[in-house]
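See structure below.
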Amino acid sequence: MPDDPKLTRVERLTLINQFQILETIASNPDDAKSYALKQEVLREGYEILYESEAFIGIENSMSSEDCREVWNTMDMFDAIGLSLPQGSPLKNHRHSRFSGYDGNNEPDFMAFAKFTFERLERFQNMPKKVADPWNSHCRMRGVYGRMLSEWQKVPDADRFSMSRDQVKAILDAARHPDAD
């Protein structure tokens, strides 16, 4: 577990006040009880309980670099889909469509991809393996990273109208270099 978060007294007071307001306006008695508990944890400074009680439901942040990696990956799959003509055998390649990220090992990436697609409504035409492709059930960042390295060799102006050979090179890069 990461180090327990440290809060200044001013930060604690601010959060206590916010939770007090929420407790007052809560329509559900269980919610009011939860807000009262959060206040007590913060008031007493029980740092070990910040994560499990006071900050429950608040996720750790995802770096801009990691977010860009997800967007670049989705952009790449969008480009692959736009570059392959109907009937191309490469459309059936195992890695020609976005497969998501591993929910057990890459949950932040999976959640951000889903958020980007569903809430930001970006990459709506990106080819996906299935209608709800967010959880691949296997690690994908390595695969996508190899594909992205190859895609980044394509000049920016050509990325959304790649040749068959350029797309094939990207798809071939998905294969692990140690695979037979």
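If you're wondering where the values come from, they're calculated on a predicted model, not measured in any experiment.
- Between V167 and L171, the closest side-chain pair of non-hydrogen atoms falls below 4.5 Å.
- Connection of M126 to L120 is established within a shared hydrophobic cluster, with ILVMFWY side chains joined at heavy-atom distances below 4.5 Å, either directly or through further cluster members.
- Taking every heavy atom of both residues into account, Q166 and P155 meet most closely at NE2-CD, 4.4 Å.
- Between G103 and M110, the shortest heavy-atom distance links the atoms CA-SD, 3.7 Å.
- In this structure, F109 and T73 have side chains that are not in contact, with every pair of non-hydrogen atoms separated by 4.5 Å or more.
- Annotation: the span from N72 atom CG to C67 atom SG amounts to 11.0 Å, rounded to 0.5 Å.
- Here the shortest heavy-atom pairing between P85 and S83 reads CD-O, 3.5 Å.
- Partners of F112 by ring pair (Phe, Tyr, Trp, His ring centres under 6.0 Å), not counting sequence neighbours, listed by chain and number: W71.
- By the criterion of side-chain heavy atoms lying less than 4.5 angstrom apart, applied directly or through intervening Ile, Leu, Val, Met, Phe, Trp or Tyr residues, I48 is grouped together with V41 in one hydrophobic cluster.
- With sequence neighbours left out, F55 forms a ring pair (Phe, Tyr, Trp, His ring centres under 6.0 Å) with Y50.
- Applying the side chain to side chain contact (heavy atoms under 4.5 Å, CB included) test between I170 and each of Q152, M147, K153 identifies M147 as the sole match.
- Here E11 contributes atom CD and I16 contributes atom CD1; the two are 11.5 Å apart, rounded to the nearest 0.5 Å.
- Applying the side-chain contact (heavy atoms from CB on, under 4.5 Å) rule to N105 yields the partners D102, R139; only residues at least two apart in sequence or on another chain are considered.
- L42 contributes atom CG, which lies 10.5 Å from atom CG of N17 (distance to the nearest 0.5 angstrom).
- The NZ atom of K168 sits 11.0 Å away from the CD atom of E150 when rounded to the nearest 0.5 Å.
- A search for side chain to side chain donor-acceptor pair (under 3.5 Å) contacts involving E106 returns nothing, not counting sequence neighbours.
- The nearest pair of heavy atoms linking L7 to R12 is CB-CG, 3.7 Å.
- Distance CD/E47 to CD/E44: 13.0 Å, rounded to 0.5 Å.
- Partners of D75 under the side-chain contact (heavy atoms from CB on, under 4.5 Å) rule, at least two apart in sequence or in another chain, are F123, W151, F160.
- Scored by the salt bridge (charged side-chain N to carboxylate O under 4.0 Å, His left out) test, D158 finds no partners at all (sequence neighbours excluded).
- With sequence neighbours left out, the salt bridge (charged side-chain N to carboxylate O under 4.0 Å, His left out) criterion links R141 to E69.
- Placement of I25 and F19 within a single hydrophobic cluster is found when ILVMFWY residues are connected by side-chain heavy-atom separations under 4.5 Å, directly or transitively.
- Within the structure, side chain to side chain donor-acceptor pair (under 3.5 Å) contacts touching residues 85-99 (residues at least two apart or in different chains) do not occur.
- Between N135 and H137, the closest heavy-atom pair is OD1-N, 2.9 Å.
- Residue pairs that meet the side chain to side chain donor-acceptor pair (under 3.5 Å) test with at least one member in residues 23-38, sequence neighbours left out, are E23-Q39.
- Annotation: salt bridge (charged side-chain N to carboxylate O under 4.0 Å, His left out) contacts of R159 (sequence neighbours excluded): D156.
- With sequence neighbours left out, the ring pair (Phe, Tyr, Trp, His ring centres under 6.0 Å) criterion links F77 to F98, Y144.
- In this structure, the side-chain contact (heavy atoms from CB on, under 4.5 Å) partners of Q124, at least two apart in sequence or on a different chain, are F117, E121.
- A single hydrophobic cluster is not seen to contain both I21 and L13; linkage of ILVMFWY side chains at heavy-atom distances under 4.5 Å, directly or through other members, places them apart.
- Shortest non-hydrogen contact noted between A174 and R146 is O-NH2, 2.8 Å.
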